[in-house]
Every structure is written in structure tokens, then in C-alpha cells.
Engineer: 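The structure under discussion is supplied below as C-alpha cells; questions concerning it will follow.
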Amino acid sequence: MNEIANHLSEIRREIGDQVMLVAVSKNQPVGAILEAYQWGQRIFGENKVQEILAKKPWLPTDIQWHVIGHLQTNKVKYIAPFITMIQSVDSLRLLSEVSLQAQKNDRVIDCLLQIFIASEETKFGLDKQEVRELLTAIAQNPMPGVRITGLMGMASFTDDMDQVRREFRGLTSLAAELKTEFFRNDPFFRELSFGMSGDYGIAVEEGSTIVRIGTKIFGIR
Ligand SMILES: *Cc1c(COP(=O)(O)O)cnc(C)c1O
């Protein structure tokens, strides 16, 4: 077996079959993605629209693509025909553009709301108040082209695993609060996307349903 196959089977063993594995293929060539595909991986995550569009024509059509990085409103139209999930929704404006473009394609696109949970300054992600404002706005003005299926977050870049665990716990409890406040009768709001190469073990312990793993599968590039 080759290395990618070994890494994939090790990760799958560790996370179990209830957790979705998104193979993060950013900066990876088509050949590496194909290798993972040959070992059964079907879900791939990229953080740039251009990169998805460049690779997609060379790859099998049953690959499910997830956007995991900051998405500009003016790029949504390029991915709306095929994208499986947008994990990094961080504004109402972006969400309404996704809904519009999805409707143009007769689709409903699954979206996660990206929540800011880390301690360091980053530009992207909603805080607890902003996510409630966004969900209140949607409750008043529904968006038929999107289905909000959960939350996504990225822990701090730190060796302090207690801190990482606390941040994951914060996201899990926020999701539970939002479920009762906004999604009480909605069975689709159930996904929690957190956990990367360095912290997916903790993530699964803390209730993650989707892990996004790049380096541990493909190596550093
Ligand atoms: C790159 C990236 C990952 C994967 O990180 P690794 O440490 O390589 O596993 C996960 N999520 C997002 C948003 C990323 O940009």
C-alpha cells in the first residue's frame, strides 16, 4: 500500500464511520487526489474556488467538493452548479448570494456557518451575536436556495490541547443553543465541522461530525 492509503485507513479507523472525512486537497496535485480517490475517498475540501475549477475537469465526476476557505460573493456563481457543501459561510450577504445562485441552478446548497472560536485574530467567522443576527434575519426572510446544516470552526494554532478542547466545547454548546433557538424542528441542522490533522482526535471526542484533514493524508506540500 502507498502512503496516502495508509494514512486514510489509519484516520478512518480512528474517527469511526459516523464522522465524515473531508480530505483537504489544497496545494495538492490532481495525481494525489486521484490516489486518495482510488482508496475510496470521495469528499474533498479546497479553500480556493480557482483551485477547484482547475482540478475538477481532470477528476472523476462523483467527487463531492466542499469549500472550506473564505468565499468571495462574486465567485459563488462558478461553483453553484456542482458544489456539495460550503462550510465557510461568514455573512448574510454571502448566504443570500449562494441562495440566489443555487436557485438559478435548481439546487439547494448545504451550508455551514463559520464561527470564530480561536483566541488569535483572524478575519473570518461569526461571533455568537453575529450568528444569532444572521439566523434571525433568515427566519424573517427565508432563503430557499440554502440549507443550513450546522457550524464550522477552527481552533487556535497552539500546542495547548486543553485550550483547543475548550474551544471545540464552546462550539458544540453554541450549536446546541442555536438548535433550540432557531432549528427546533429542523432535522438537518446537525453537523459540527471541526478537527484538522493536529487535533482531530480531540475533535471527535468533543462531538465533531465532520473532520477536515490535509497534511495527515497527503503530507506537507
Ligand atoms: C488547510 C485547512 C485544513 C486542513 O489542515 P491540515 O492541518 O493540513 O489537516 C482544515 N480546514 C481548513 C479551513 C483549512 O484551510
Side-chain angles (χ1 to χ4, degrees), residues 3-15 19-29 32-33 35-36 39 41-55 63-72 75-76 79 83-91 94 98 110-127 131 149-161 163-165 167-168 170-172 175 191-221:
E3 263 183 48
I4 288 178
N6 279 332
H7 295 156
L8 277 173
S9 61
E10 189 186 326
I11 293 164
R12 287 193 189 122
R13 207 166 44 240
E14 284 170 339
I15 66 175
V19 175
M20 180 191 296
L21 172 59
V22 176
V24 177
S25 49
K26 64 182 183 207
N27 305 324
Q28 295 296 331
I33 299 175
E35 236 173 280
W39 295 99
Q41 185 63 31
R42 291 292 178 275
I43 307 172
F44 292 86
E46 292 276 351
N47 55 3
K48 293 203 183 92
V49 167
Q50 290 92 323
E51 223 177 306
I52 301 181
L53 297 177
K55 292 171 182 175
I63 284 184
Q64 299 168 35
W65 295 99
H66 288 209
V67 173
I68 61 168
H70 180 66
L71 177 59
Q72 285 172 282
K75 304 266 169 67
V76 173
I79 55 171
I83 202 77
T84 298
M85 186 185 281
I86 299 173
Q87 296 205 6
S88 43
V89 172
D90 58 3
S91 74
L94 175 60
V98 174
D110 285 348
C111 292
L112 305 181
L113 302 176
Q114 183 172 354
I115 308 294
F116 178 74
I117 56 171
S119 60
E120 69 256 312
E121 281 296 313
T122 71
K123 275 181 286 183
F124 307 118
L126 303 154
D127 65 26
V131 70
T149 56
L151 305 181
M152 182 268 236
M154 239 195 285
S156 297
F157 187 70
T158 173
D159 291 332
D160 181 352
M161 286 300 144
Q163 181 182 346
V164 169
R165 192 181 289 277
E167 291 171 359
F168 288 161
L171 191 65
T172 306
E191 304 294 353
L192 281 167
S193 174
F194 56 81
M196 318 198 324
S197 291
D199 55 23
Y200 68 89
I202 297 174
V204 171
E205 286 171 15
E206 295 301 333
S208 169
T209 67
I210 302 175
V211 293
R212 311 177 308 265
I213 301 179
T215 315
K216 179 85 195 271
I217 297 172
F218 296 107
I220 295 168
R221 211 189 122 84

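One-based numbering, in listed order, for ligands and for the atoms of each. Just so it is clear, the values below take in all heavy atoms, side chains as well, and ignore hydrogens, waters and symmetry mates.
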Engineer: Atom 12 (C) of ligand 1: which protein heavy atom is closest, and how many Å away?
Structural biologist: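 Going atom by atom, the protein heavy atom closest to atom 12 (C) of ligand 1 ends up being I68 CD1, 3.5 Å.
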Engineer: State the atoms of ligand 1, each with its element, that fall below the 4.0 Å cut-off from a heavy-atom position in G214.
Structural biologist: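 That gives atoms 4 (C), 6 (P), 8 (O), 9 (O) of ligand 1.
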Engineer: Can any side-chain N or O of S208 pair as donor or acceptor with the backbone N or O of G195 at less than 3.5 Å?
Structural biologist: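 Checked: no pair found.
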Engineer: Given L113, which of L126, D90, I86 fulfils the side chain to side chain contact (heavy atoms under 4.5 Å, CB included) condition?
Structural biologist: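 When L126, D90, I86 are each tested with L113, the side chain to side chain contact (heavy atoms under 4.5 Å, CB included) holds only for L126.
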Engineer: Relative to atom 14 (C) of ligand 1, which among K26, R212, M154 owns the nearest non-hydrogen atom?
Structural biologist: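 The residue whose heavy atom sits nearest atom 14 (C) of ligand 1 is K26.
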Engineer: Which residues pass the side-chain contact (heavy atoms from CB on, under 4.5 Å) test with S193, not counting sequence neighbours?
Structural biologist: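 Q87, L112, M152, I210, R212.
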Engineer: Around atom 8 (O) of ligand 1, find the nearest protein heavy atom and jot down its residue, atom name and distance.
Structural biologist: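 Heavy-atom neighbour on the protein nearest atom 8 (O) of ligand 1: T215 OG1, 2.5 Å.
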Engineer: Do me a favour and list the nearest non-hydrogen protein atom to atom 10 (C) of ligand 1 with residue, atom name and distance?
Structural biologist: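 Checking every protein heavy atom, the shortest distance to atom 10 (C) of ligand 1 gives M196 SD, 3.2 Å.
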Engineer: Where does N47 meet ligand 1, judged by heavy-atom distances below 4.0 Å: at the side chain, the backbone, both, or neither?
Structural biologist: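 It is the side chain that gets close, since no backbone atom is under 4.0 Å.
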Engineer: Could you tell me whether the side chains of H70 and N47 share a donor-acceptor contact shorter than 3.5 Å?
Structural biologist: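 There is no such pair (donor and acceptor under 3.5 Å, judged by atom type) between the side chains of H70 and N47.
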Engineer: Does H66 reach the main-chain N or O of G45 with its side chain, forming a donor-acceptor pair under 3.5 Å?
Structural biologist: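 Such a contact is absent between H66 side chain and G45 backbone.
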Engineer: Is the closest side-chain donor-acceptor distance between T172 and E206 under 3.5 Å?
Structural biologist: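 There is no such pair between these side chains.
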Engineer: Test your reading of the structure: does S197 have an N or O sitting under 3.5 Å from an N or O of ligand 1?
Structural biologist: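 Between S197 and ligand 1 (N or O atoms, distance only) the closest approach is under 3.5 Å.
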Engineer: Within a distance under 4.0 Å of any heavy atom of I213, pick out the atoms of ligand 1 and give their elements.
Structural biologist: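 Going through ligand 1 atom by atom, the ones under 4.0 Å from I213 are 9 (O).
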